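Working notes, structure below.
As the structure is a computational prediction, the values presented were derived from the model and not from experiment. Heavy-atom basis, side chains included; hydrogens, waters and symmetry copies ignored. The chains referred to below are lettered A, B, ... by the order of the sequence lines, with proteins before strands, and numbering in each begins at 1.
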2 protein chains.
Amino acid sequence: MTKGGGRHMVAGIVQEPLINKGAKSRRDTAIAEDTVGTTQLDTVPEPKYWHLRTVLSEALDSEFSVGEILPNERDLAARFGVARATLRQALEQLELEGRLQRRRGVGTTVAPPRVGVAVGSEQHTWPGASGDAWQPADCAVAVPPAAVAQSLEIDPDEQVHIVRRSRVTHGQPVAAELLYIPASSVPDLSGIDAPSGTARARGVLRELQRLELDGDDRAVELGSAGADDAKELDRLPGAPVLVVTTRFFAGGRTAAVSVATYRADTCRLTFGDSVGVEIHHDPERRAS
Amino acid sequence: MTKGGGRHMVAGIVQEPLINKGAKSRRDTAIAEDTVGTTQLDTVPEPKYWHLRTVLSEALDSEFSVGEILPNERDLAARFGVARATLRQALEQLELEGRLQRRRGVGTTVAPPRVGVAVGSEQHTWPGASGDAWQPADCAVAVPPAAVAQSLEIDPDEQVHIVRRSRVTHGQPVAAELLYIPASSVPDLSGIDAPSGTARARGVLRELQRLELDGDDRAVELGSAGADDAKELDRLPGAPVLVVTTRFFAGGRTAAVSVATYRADTCRLTFGDSVGVEIHHDPERRAS
DNA sequence: AAGTGGTCTAGACCACCGC
DNA sequence: CGGTGGTCTAGACCACTTT
């Protein structure tokens with residue numbers, strides 16, 4: 001059981017408090033070999049890390065409260081008698097599910113329930129309209145990604161205005177956005193003197209309001225944060241994000257495209273008018 | 001450079017075709033130590049796996065076509081001069097982004113672009129209405145998860161009808177759904193004799209249509225597939241899924257709740273009326 | 001039987017945080 | 001400085017699919 005490779009067939013990993021938060025005591029590495037007399041039917045060779053995930057998840061529900069800090073990974077791995085890599089695989093899952101939050105140099109803490117962030121308020125409005133949750137940060141002119149250019153129905157080499165905005169909820173950054181606006185959508189920028197920066201971003205958005213919005217169009221997909229987004233979202237590169245792509249229509253064409261990346265670990269995107277209470281927690285459920 | 005732990009500071013991993021699809025040749029493990037004369041400013045200590053992800057991503061764009069099978073992990077790792085675990089970390093990222101598809105016992109293939117699946121057709125309809133994309137599979141009676149019970153505003157111990165449905169697009173399963181319907185929403189089930197199975201599922205849904213639908217409410221979040229969902233979606237447990245929770249309102253209360261899990265690797269959820277062309281590919285973009 | 005991706009281990013170094 | 005999570009390695013066995 002010491003070295004060797006991937007064996008399956010889990011032997012019930014059990015302990016009374018499941019996790020002894022205090023110092024490592026004598027028989028901490030103990031693993032109960034047989035929870036029942038006869039060895040269980042190994043019909044479902046559950047991977048170790050998956051079983052660990054379940055055990056930890058239950059421990060999280062019963063023995064920990066939000067914000068509490070878990071024992072460190074080396075201790076936890078020792079307690080459960082697995083390699084650190086395996087323990088980490090389980091923690092990774094739980095972080096993906098929004099149950100845990102890990103910060104380098106600090107530790108692993110129990111995450112609060114995901115915050116519901118409203119996306120697409122049903123009554124369609126331009127970005128920058130009064131009362132929207134975004135804060136303009138910057139503005140530049142550049143060639144957009146090919147996919148965006150195609151969506152905007154412009155030449156692949158044509159430059160557009162790119163407004164960068166960020167969204168903050170409860171003091172934490174939850175999303176970063178890039179807004180692509182063709183020059184044709186904001187024909188008169190004479191009133192804006194700032195060549196860049198927040199002031200210009202605001203100006204471009206204000207100019208955009210003058211168009212009559214016909215409607216919009218949204219898509220959500222999973223992505224991973226690039227180096228830039230990661231920094232803005234206070235995450236590491238590769239962190240999972242929900243990418244919301246919105247197309248704004250005016251005058252029979254696509255007048256602007258927004259690509260917003262939301263922290264997948266902390267956000268629950270809500271559509272429609274109602275607020276929506278906490279829903280969905282454990283992926284292990286099924287009707288009889 | 002051989003053994004040892006996490007060094008950062010990437011030395012440009014380069015090759016002409018980037019990936020020699022054929023047999024491993026003599027100097028395949030070669031790594032160009034210095035792409036430029038002076039060692040690059042290591043301002044951004046990019047992790048190896050992240051750099052690898054980028055290199056592979058570009059190779060995927062330029063040298064591979066959809067459905068093509070990549071060299072196996074052991075070969076790839078050797079070609080790039082990294083441990084298999086590190087190579088796998090890069091592949092994992094690319095799979096998360098929907099660029100790759102890995103199947104045990106088969107190999108790693110280039111994934112087709114994500115399919116756009118319509119969610120919430122703007123004109124709100126009951127599940128099971130003519131023309132919806134779901135196929136009823138089963139029906140049972142059981143106690144729902146606590147979060148669902150709360151959303152339905154029923155007693156935590158109260159049993160509800162649970163209709164299981166699945167959604168198939170282009171011959172591939174893309175989503176699994178559990179529909180929770182309180183008995184009060186379908187008061188007259190006398191016309192349905194089947195105690196369970198597809199027939200009963202259809203009957204319950206038909207009965208649901210009789211209520212007048214006031215509206216609905218959607219939320220999207222990241223989750224991981226449980227063992228059951230994983231099997232239905234032809235994925236391994238823990239696979240990332242987009243969880244869409246929909247609440248259906250009728251008569252001033254929540255008449256039904258749907259929890260649908262979509263394959264996050266292959267799906268792009270679309271909201272609104274338009275179809276939406278391919279958008280968003282590389283997470284490495286930014287305005288100047 | 002052979003080959004693939006999936007799981008697991010034991011040990012190491014690194015980047016970051018707070019003291 | 002010490003402690004934390006993040007990255008990396010080399011090697012092994014396992015489950016699965018195909019030949």
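When each of Asn72(B) and Pro237(B) is assigned the nucleotide of DNA chain C bearing its nearest heavy atom, the one mapping closer to the 5' terminus is Asn72(B). A residue-by-residue look at Ala85(A) and Arg235(B) shows that Arg235(B) has its nearest nucleotide of DNA chain C further toward the 5' end.
Taking the side chain as every heavy atom from C-beta outward, Glu73(B) and Leu76(B) never approach each other to under 4.5 Å. Residues Val110(B) and Glu63(B) are not in side-chain contact: their nearest non-hydrogen atoms beyond the backbone lie 4.5 Å or more apart. The side-chain heavy atoms of Arg114(A) and Thr266(A), taken from C-beta on, include no pair separated by under 4.5 Å.
Annotation for Arg103(A): atom CZ does not count as buried by contact number, only 12 or fewer foreign heavy atoms lying within 6.0 Å.
In this structure, the CD atom of Glu46(B) is 12 Å from the P atom of dT7(D), given to the nearest Å. Straight-line distance from the CZ atom of Arg104(A) to the P atom of dC16(C): 5 Å, rounded to whole Å. Regarding Asp75(B), its CG atom lies at a distance of 11 Å from the C1' atom of dT4(C), rounded to whole Å. Glu73(B) places its CD atom 14 Å from the C1' atom of dC16(D), with the value rounded to the nearest Å. Across the protein-nucleic acid pair, Glu92(B) atom CD and dC8(D) atom C1' stand 14 Å apart, rounded to whole Å. Rounded to a whole Å, the CZ atom of Arg53(B) is 19 Å from the C1' atom of dC8(D). One interatomic measurement links the two molecules: CG of Leu100(B) to P of dG5(C), which rounds to 11 Å at whole-angstrom precision. Counting to the nearest Å, the C1' atom of dC17(C) and the CZ atom of Arg102(A) are 16 Å from each other.
The residue Leu236(A) sits close only to the backbone: its heavy atoms come under 4.0 Å of sugar-phosphate atoms, none of a base.
Of the candidates dC8(D), dG5(C), dG5(D), the closest approach to any side-chain atom of Thr108(B) belongs to dG5(C). The Arg88(A) side chain lies nearest to dT7(D) when the options are dC16(C), dT9(C), dT7(D). You'll find that the side chain of Gln89(A) is closest to dC8(C), out of dC8(C), dT7(D), dG6(C). Here the nucleotide nearest the side chain of Thr86(A), chosen from dC8(C), dC16(C), dT9(D), is dC8(C). Of the candidate nucleotides dT9(D), dC8(C), dA15(D), dT9(D) has the atom lying nearest to any side-chain atom of Lys48(B). Comparing dG6(D), dT7(C), dG5(C) against the side chain of Tyr49(A) picks out dT7(C) as the nearest. Here the nucleotide nearest the side chain of Val106(A), chosen from dT9(D), dC8(C), dC17(C), is dC17(C).
Under 3.5 Å, the side chain of Arg84(B) and the base of dG6(C) form at least one donor-acceptor pair of N or O atoms. Contact of Arg74(A) with dG5(D) (side chain to base): a donor-acceptor pair of N or O atoms is detected under 3.5 Å.
Within the 3.5 Å criterion, the main-chain N or O of Ala219(A) finds no donor-acceptor partner in the side chain of Arg268(B).
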